[in-house]
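To keep things clear, I will list the structure first and then write my remarks on it.
Just the heavy atoms: all of them, side chains too, but no hydrogens, waters or symmetry mates, feed the values below.
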Amino acid sequence: MKTYSTDKIRNVALIGHSNCGKTTLTESLLYFTNVTNRMGRVEDGNTVSDFDKEEKDRQVSIGTSIIPIEYDNTKINFLDTPGYFDFVGEVYGALRVASSAVLVVDASSGIEVGTEKAWKYAEQRNMPRIIVLNKMDKENVKFDEVLDSLRETFGKKVAPFTIPLGKGENHDGYMDILNRQCYIGPEPVDTLPDTAEKAERVRALLMESVAETDEELLDKFFNGEEFTDEEIHTGLKKAVLSGELVPVILGSAIKGLGARLLLRTIIEYLPSAQDLAEVKGMNGSKEEIRKVDTQSPLSALVFKTIVDPFVGKISLFKVMSGSIKKDMDIYNADSGETERIGNIFCLRGKDQVEASEIAAGDIGATSKMQYFKTGDTISTKTNPIVYEGIDFPKPCYFMAVSAKSKDNDEKVGTGLHKLNEEDPTFMIERNVETKEQILGGQGNIQLEVIANKLKNNFKAEVNLTPPKVAYRETIRGKSDVQGKHKKQSGGAGQYGDVRVRFEPSQTEFEFVDEVFGGAVPRNFIPAVEKGLHECMDKGVLAGCKVVGVKATLYDGSYHDVDSNEMSFKLAASLAFKKGMAEAKPVLLEPIAKVEISIPDEYLGDIMGDMNKRRGKILGMEQQDDGTQHVMAEAPMAEMYTYAIDLKSMTQARGSFEMEFLRYDEMPFNMAEKVISDYKAKNEN
């Protein structure tokens with residue numbers, strides 16, 4: 001693939017609801033530009049973009065694919081993102097390096113949840129965008145109604161650049177409002193009178209947008225003067241780049257209608273890499289600004305990693321400044337590591353298209369980089385820089401993961417580590433209290449995909465089960481007990497005798513020595529403390545870790561011959577079990593801090609549901625985008641699968657974040673069940 005200058009590069013994220021036709025749209029564009037000789041179908045599993053086995057099996061995109069299209073001496077890097085919410089991290093990565101977005105809308109379904117979310121992502125980044133109404137050939141599609149809905153939901157800045165010719169299966173063309181020309185397929189045809197009349201009404205609205213971009217043009221508009229073609233194009237592009245105008249174009253990806261229109265609109269109205277002008281990063285503690293051109297020192301951002309079982313690790317990057325070539329020495333200013341880059345190439349789906357150079361503004365890839373992961377900055381040691389990484393969403397759905405065969409424990413660990421390089425939106429951590437490996441992600445589908453990839457790519461099958469709750473035990477009362485260990489077995493015996501007071505403490509464990517007169521010899525007191533401390537790992541109620549206990553050793557006895565450290569450790573253990581049981585032991589449960597974002601209309605449902613989960617609403621804040629930010633506390637035992645329930649309650653419009661806050665005493669009836677389950681399990 002040839003090297004393009006920065007002004008001839010467009011980086012465009014394809015975003016929208018799942019199944020709106022983003023992947024089929026890339027197939028249409030590849031076919032239109034003669035890259036492929038036939039269009040692939042998602043149903044047949046033969047599209048360029050969805051090449052992963054999981055994507056083929058599920059018939060949905062799971063990862064972002066790069067689809068470079070060369071048209072009219074311009075390179076357009078399409079980043080085909082997943083629409084399914086479990087894989088939103090892929091969207092975040094794509095939007096970090098894209099300069100603009102194409103929001104694909106299924107014209108037969110209208111605005112869906114994914115449409116709203118995708119718009120919100122672009123709006124938060126003030127990203128120039130256009131809307132493509134896809135599937136215009138479907139039955140009962142009413143263009144005017146869909147357009148009105150878009151303008152009502154997203155504002156009057158949404159404006160059509162085209163209107164359809166024909167309806168449903170007879171949809172076979174469009175009228176370009178700006179040049180007053182109709183097209184059937186790619187061919188221009190005579191303009192129909194009724195279409196022309198409608199187009200003029202819409203064109204008048206566009207001229208208002210042009211006028212509002214410049215004082216002179218505004219005067220010209222009010223004086224009734226016609227704008228020149230150049231003024232129209234310049235004014236509309238200025239409005240699109242500033243986010244004041246969002247063009248709507250239409251087509252049918254599966255029929256190949258509108259491919260030329262989309263490419264031309266992107267080239268004419270969406271920003272080139274050069275329009276970005278400059279980027280900001282950090283050089284140590286100082287801010288540094290780099291111009292987006294090939295004369296500046298090299299800098300690039302790694303925005304995605306692919307773990308291929310055959311090729312190895314592939315790192316995708318966007319060159320922010322300078323250019324990158326094969327066999328260059330590159331530097332990671334965060335880690336201080338230097339390495340030599342190998343072959344560079346452009347990815348088209350999974351296919352590697354060789355490149356001699358990746359210039360500023362372009363997207364490229366390389367394999368087998370050791371010291372770079374997703375979010376890292378590539379630079380040179382003489383001109384280091386670090387760009388802001390990618391702010392991925394935090395995990396909110398958790399399951400315990402374990403190998404089906406103990407022989408595969410190492411394979412599972414290796415596989416999860418490699419997959420985590422590919423998908424930083426999931427986490428793996430070991431819970432030392434429950435002895436479980438916890439897998440956290442965005443939802444059940446994401447974790448199922450990870451499990452399947454472990455099986456297919458690393459030959460390691462796993463079980464996903466609800467995680468155990470890390471309960472703890474403490475005491476609310478006081479006790480004064482004796483622990484006596486005495487054993488005679490013919491030879492030297494064992495003897496240890498301690499008297500210990502137990503009471504609540506503000507610290508996890510506090511040991512106090514109040515022995516006088518040598519009742520317990522000094523050399524055995526550390527053994528008593530150690531014996532008590534070891535018992536803290538397993539309480540008397542449900543075998544949970546014990547916290548908040550003060551143990552005071554104040555008396556005891558010993559035998560000149562039979563006493564030893566082990567005897568006093570065992571005596572301390574007996575005292576612990578007896579003392580804990582008499583000091584009003586209670587079960588503690590972990591409480592989470594929960595922050596939920598939801599549309600207003602779901603507030604009542606969320607509050608009612610949180611009450612059922614034994615949660616407390618602490619406060620609410622109205623956000624600028626019309627959503628409610630709800631702050632709450634709830635037991636973690638009730639929250640592990642909340643991600644699925646929240647999606648169900650809010651039609652996937654809600655989101656939340658959760659983090660551990662503290663431990664609270666568990667209600668008696670709930671604690672009784674946990675204790676009885678533990679005893680039943682241990683009796684068996």
Quiz item: Heavy-atom count around Gln506 CD within 6.0 Å, excluding the residue itself: above 12?
Solution: no
Quiz item: Are Arg151 and Lys157 side-chain neighbours, meaning at least one heavy-atom pair lies under 4.5 Å?
Solution: no
Quiz item: Would you say Gln442's side chain and Val88's backbone share a donor-acceptor pair under 3.5 angstrom?
Solution: no
Quiz prompt | CD (Glu388) with more than 12 external heavy atoms under 6.0 Å | solution = no
Quiz item: Above 12 or not: heavy atoms from other molecules or residues under 6.0 Å from NZ of Lys530?
Solution: no
Self-check item: Short side-chain to backbone donor-acceptor contact, Asn456 and Asn452, under 3.5 Å
Solution: yes
Quiz prompt | Short side-chain to backbone donor-acceptor contact, Lys318 and Val97, under 3.5 Å | solution = yes
Quiz item: Residues in salt bridge (charged side-chain N to carboxylate O under 4.0 Å, His left out) with Glu529, at least two apart?
Solution: none
Quiz item: Which pair of heavy atoms, one from Gly89 and one from Phe392, lies closest together, and at what distance?
Solution: O-CE2, 3.3 Å
Quiz item: Under the 3.5 angstrom rule, does the side chain of Asn420 hit a backbone N or O of Asp423 as a donor-acceptor pair?
Solution: yes
Quiz item: Are Glu421 and Thr305 close enough that a side-chain donor and a side-chain acceptor fall under 3.5 Å?
Solution: no
Quiz item: Any idea which heavy atoms bring Val500 and Ala575 closest together, and the distance?
Solution: CG2-CB, 4.2 Å
Quiz item: Which pair of non-hydrogen atoms, one from Thr474 and one from Gly548, has the smallest distance, and what is that distance?
Solution: OG1-O, 3.5 Å
Quiz item: Taking Asp86 for the side chain and Gln446 for the main chain, is one N or O donor matched with an acceptor at less than 3.5 Å?
Solution: yes
Practice problem: Please check if the side chain of Glu665 supplies one atom and the backbone of Leu588 the other of a donor-acceptor pair under 3.5 Å. | Solution: no
Quiz item: Given Met649, which of Ile598, Asp609, Ile644 fulfils the side chain to side chain contact (heavy atoms under 4.5 Å, CB included) condition?
Solution: Asp609
Practice problem: Ignoring hydrogens and angles, tell me if any N or O in the side chain of Ser597 forms a donor-acceptor pair with the backbone of Ser655 under 3.5 Å. | Solution: no
Quiz item: Would the His533 and Phe511 ring centres measure less than 6.0 Å apart?
Solution: no
Quiz item: Checking ring pair (Phe, Tyr, Trp, His ring centres under 6.0 Å) for the pair Tyr121/Tyr92: CA distance, chi angles, key distance, verdict?
Solution: CA-CA 8 Å; Tyr121 300 148; Tyr92 282 36; 5.6 Å; yes
Quiz item: Looking at Gly477 and Lys584, what are the two nearest heavy atoms and their distance?
Solution: N-CB, 3.8 Å
Exercise. Using modelled atom types only, decide if a donor and an acceptor are shared between the side chain of Lys455 and the backbone of Val462 within a distance under 3.5 Å.
Key: no
Exercise. Walk me through it: do Glu90 and Thr425 pass the test side chain to side chain contact (heavy atoms under 4.5 Å, CB included)?
Key: CA-CA 9 Å; Glu90 294 286 329; Thr425 64; over 6 Å; no
Quiz item: What is the ring orientation for Phe154 with Trp119, classed by angle as parallel under 30°, tilted 30 to 60°, or perpendicular over 60°?
Solution: parallel
Quiz item: Going through the distances and angles, do Val546 and Asp537 end up as a side chain to side chain contact (heavy atoms under 4.5 Å, CB included)?
Solution: CA-CA 6 Å; Val546 180; Asp537 288 337; over 6 Å; no
Self-check item: Within-4.5 Å side-chain heavy-atom neighbours: Arg430 and Lys435
Solution: yes
Practice problem: Could you tell me whether the side chain of Arg613 and the main chain of Glu638 form a donor-acceptor pair under 3.5 Å? | Solution: yes
Quiz item: Would you say Phe509 and Val547 make side-chain contact, with heavy atoms under 4.5 Å?
Solution: no
Quiz item: Quick one: which of Leu14, Thr115, Thr24, Ile15 gives a side chain to side chain contact (heavy atoms under 4.5 Å, CB included) with Val104?
Solution: Leu14
Quiz item: Under a 4.5 Å cut-off applied to non-hydrogen side-chain atoms, are Thr81 and Phe87 in contact?
Solution: no
Quiz item: Given side chains that start at C-beta, do those of Leu79 and Ile363 come closer than 4.5 Å, heavy atoms only?
Solution: yes
Exercise. For Asn669, look at atom CG and say whether over 12 heavy atoms of other residues, nucleotides or ligands are found less than 6.0 Å away.
Key: yes
Quiz item: Do you know which of Arg614, Met636, Arg472 makes side chain to side chain contact (heavy atoms under 4.5 Å, CB included) with Glu589?
Solution: Arg614
Self-check item: Heavy-atom donor-acceptor pair, Ser676 side chain to Lys673 backbone, under 3.5 Å
Solution: yes
Quiz item: Under 6.0 Å between ring centres, would you say that holds for Tyr397 and Tyr642?
Solution: no
Quiz item: Does NZ belonging to Lys577 count more than 12 external heavy atoms closer than 6.0 Å?
Solution: no
Quiz prompt | Trace of the side chain to side chain contact (heavy atoms under 4.5 Å, CB included) decision for Lys135 with Val105 | solution = CA-CA 8 Å; Lys135 304 185 183 181; Val105 178; over 6 Å; no
Exercise. Would you check if there is a donor-acceptor pair between the side chains of Ser49 and Thr47 at a distance under 3.5 Å?
Key: no
Quiz item: Is there a donor-acceptor contact under 3.5 Å linking the side chains of Asn463 and Thr465?
Solution: no
Quiz item: Side chains of Ser65 and Glu55: is there a donor and an acceptor less than 3.5 Å apart?
Solution: no
Quiz item: Would you say Asn332 and Ser335 make side-chain contact, with heavy atoms under 4.5 Å?
Solution: yes
Quiz item: Which pairs count as side-chain hydrogen bond (donor to acceptor under 3.5 Å, both in side chains) when at least one residue sits in residues 408-418, sequence neighbours excluded?
Solution: none
Self-check item: Glu152 CD: over 12 foreign heavy atoms closer than 6.0 Å
Solution: no
Exercise. Could you walk me through whether Lys593 and Glu595 pass side chain to side chain contact (heavy atoms under 4.5 Å, CB included), step by step?
Key: CA-CA 7 Å; Lys593 173 187 175 184; Glu595 296 190 8; 3.2 Å; yes
Quiz item: Can you list every ring-ring contact (aromatic ring centres under 6.0 Å, His included) pair that touches residues 580-636, not counting sequence neighbours?
Solution: none
Quiz item: Below 4.5 Å, heavy atoms only, C-beta onward: do Thr552 and Glu503 meet side chain to side chain?
Solution: yes
Quiz item: Can you tell me if Gln622 and Gln628 form a side-chain donor-acceptor pair at under 3.5 Å?
Solution: yes
